[in-house]
Trainee: 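Sending over a structure as structure tokens; questions will come in a sec.
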Amino acid sequence: MIIDTHCHLASRQFDQSRREIYVRHAAEAGIDRMITLGACMDDWKENLSWARQFPGTVFCALGIHPDDAHGAPENWAEKLTAAAETVPLAAIGETGLDYFHPVPEGWETADFHRRQQELLEEHFELAARLGLNIVLHTRDRKGSRSFEDALAIAGNHAGRVRPVFHCFIGDTAQAARIFDRLDGMVSFTGVATFKNAPVVAETARWCPEDRIMLETDSPYLSPEPLRGRMNEPAHLIHTARFIAAARGMELEEFARLTTRNAGTFYNLRQQ
Ligand SMILES: [Zn+2]
Ligand SMILES: [Zn+2]
């Protein structure tokens, strides 16, 4: 029994008329629960409707992705709180800092990154108000500036809101800073299975038992041996098997600990 802690089920790449089929595929592969993440105001409703349709199986987190920071109105946090009134949220996110993608037209790079940082601060404040943890995305063209900046902002809220650095691709020293300073978590996608990402596999092998979670980030990042195909929660089993083997653990045992970690971090109803 494994939880896919990060997928985007409201993405247009998922055929919304085949929802039951994705959930059944996942269950057949041993992925019995999933958390779908809203990443912009336009997809919140669709994400919430997944959680409403599959209670106890699909959970929902809402936020604004840094790529969409320019689209966030001043009252976005009120809107999020109102949208989520009928469905208890698992976390705030996906949010974070993305210095990889080109900035929107009419923006200077430095100004847009500053806007992302302000919006991230607001997400932390909302998470603290709602008593939820936060899901962070960081990405750089080269180096790790977005990671460093997100670490600093998360540090302002340490002890109040715990972060997970999702789709973690850093080394063990970077991961250790998340654990030691922030009581944070990391979650690994199919990137851990990629032959050209040995650092990620090494971090996943080394990661302390109580800090590790699994995710697909579907519809993106299908793991080996399905790399290049559209991803879906069912594919998480390949990432789970790969990392369990790297850690010298039985799949069952590894699944149990990542599920326990996700249950605690996301405050999911225990079965
Ligand atoms: Zn992301
Ligand atoms: Zn994502």
Side-chain angles (χ1 to χ4, degrees), residues 3-14 22 26 31 33-44 46-48 50-51 58-72 80 89-103 112-113 116-117 119-120 123-124 127 132-141 144-151 153-154 163-170 174-175 178 184-192 194 197 200 203-204 213-223 227 230-236 239 262 265-266:
I3 305 179
D4 180 358
T5 62
H6 189 118
C7 52
H8 297 281
L9 297 175
S11 161
R12 272 191 290 273
Q13 290 189 55
F14 285 107
Y22 298 121
I31 317 305
R33 288 185 288 176
M34 50 213 89
I35 301 173
T36 184
L37 285 276
C40 65
M41 290 178 75
D42 291 341
D43 75 10
W44 289 352
E46 191 88 357
N47 278 291
L48 288 165
W50 273 85
V58 179
F59 301 87
C60 183
L62 298 181
I64 298 177
H65 193 282
D67 287 343
D68 219 40
H70 56 301
L80 189 152
L89 293 182
I92 292 300
E94 168 169 8
T95 185
L97 301 174
D98 190 308
Y99 301 168
F100 176 84
H101 288 113
V103 301
F112 191 58
H113 292 176
Q116 291 187 0
Q117 292 158 16
L119 187 65
L120 179 55
H123 276 77
F124 269 100
L132 296 168
N133 290 328
I134 198 164
V135 183
L136 300 182
H137 162 113
T138 65
R139 194 168 176 197
D140 290 278
R141 229 162 246 287
S144 54
R145 195 67 251 163
S146 70
F147 173 74
E148 295 296 335
D149 289 351
L151 213 57
I153 291 171
V164 57
F165 284 72
H166 106 91
C167 191
F168 192 69
I169 55 164
Q174 287 173 318
I178 295 169
M185 305 286 289
V186 292
S187 70
F188 293 96
T189 59
V191 173
F194 295 175
V200 185
T203 307
M213 298 193 289
L214 296 173
E215 60 165 301
T216 54
D217 204 12
S218 53
Y220 319 108
L221 297 174
S222 227
R227 190 172 180 183
M230 183 188 140
N231 201 3
E232 61 175 88
H235 296 178
L236 186 63
T239 308
F265 183 82
Y266 290 106

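Hydrogens, waters and symmetry mates play no part in the numbers below; they use all other heavy atoms, side chains included. Note that ligands are numbered from 1 as they come in the structure, with each ligand's atoms numbered from 1 the same way.
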Trainee: So does Phe265 get a backbone contact from the side chain of Asn133, meaning a donor-acceptor N/O pair under 3.5 Å?
Mentor: yes
Trainee: For the Zn ion (ligand 2), find the closest N/O/S atom on His8 and give its atom name.
Mentor: NE2
Trainee: Could you check Ile178 against Leu151 for side-chain contact (heavy atoms from CB on, under 4.5 Å), going step by step and ending with a plain yes or no?
Mentor: CA-CA 7 Å; Ile178 295 169; Leu151 213 57; 3.9 Å; yes
Trainee: Are Leu120 and Asp149 packed together at the side-chain level, in the sense that at least one heavy-atom pair is separated by less than 4.5 angstrom?
Mentor: no
Trainee: Should the pair Arg145 and Tyr99 be classed as cation-pi, given the thresholds of under 6.0 Å to the six-membered ring centre and 45° from the axis?
Mentor: no
Trainee: Just the protein N/O/S atoms under 2.8 Å from the Zn ion (ligand 1), please, no waters.
Mentor: Glu94 OE2, His137 ND1, His166 NE2
Trainee: The criterion is ring pair (Phe, Tyr, Trp, His ring centres under 6.0 Å); which residues satisfy it with Tyr22, sequence neighbours excluded?
Mentor: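 So Tyr22 forms a ring pair (Phe, Tyr, Trp, His ring centres under 6.0 Å) with Phe14.
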Trainee: Would you check if Val200 and Phe194 make a side-chain contact, meaning some heavy-atom pair closer than 4.5 Å?
Mentor: no
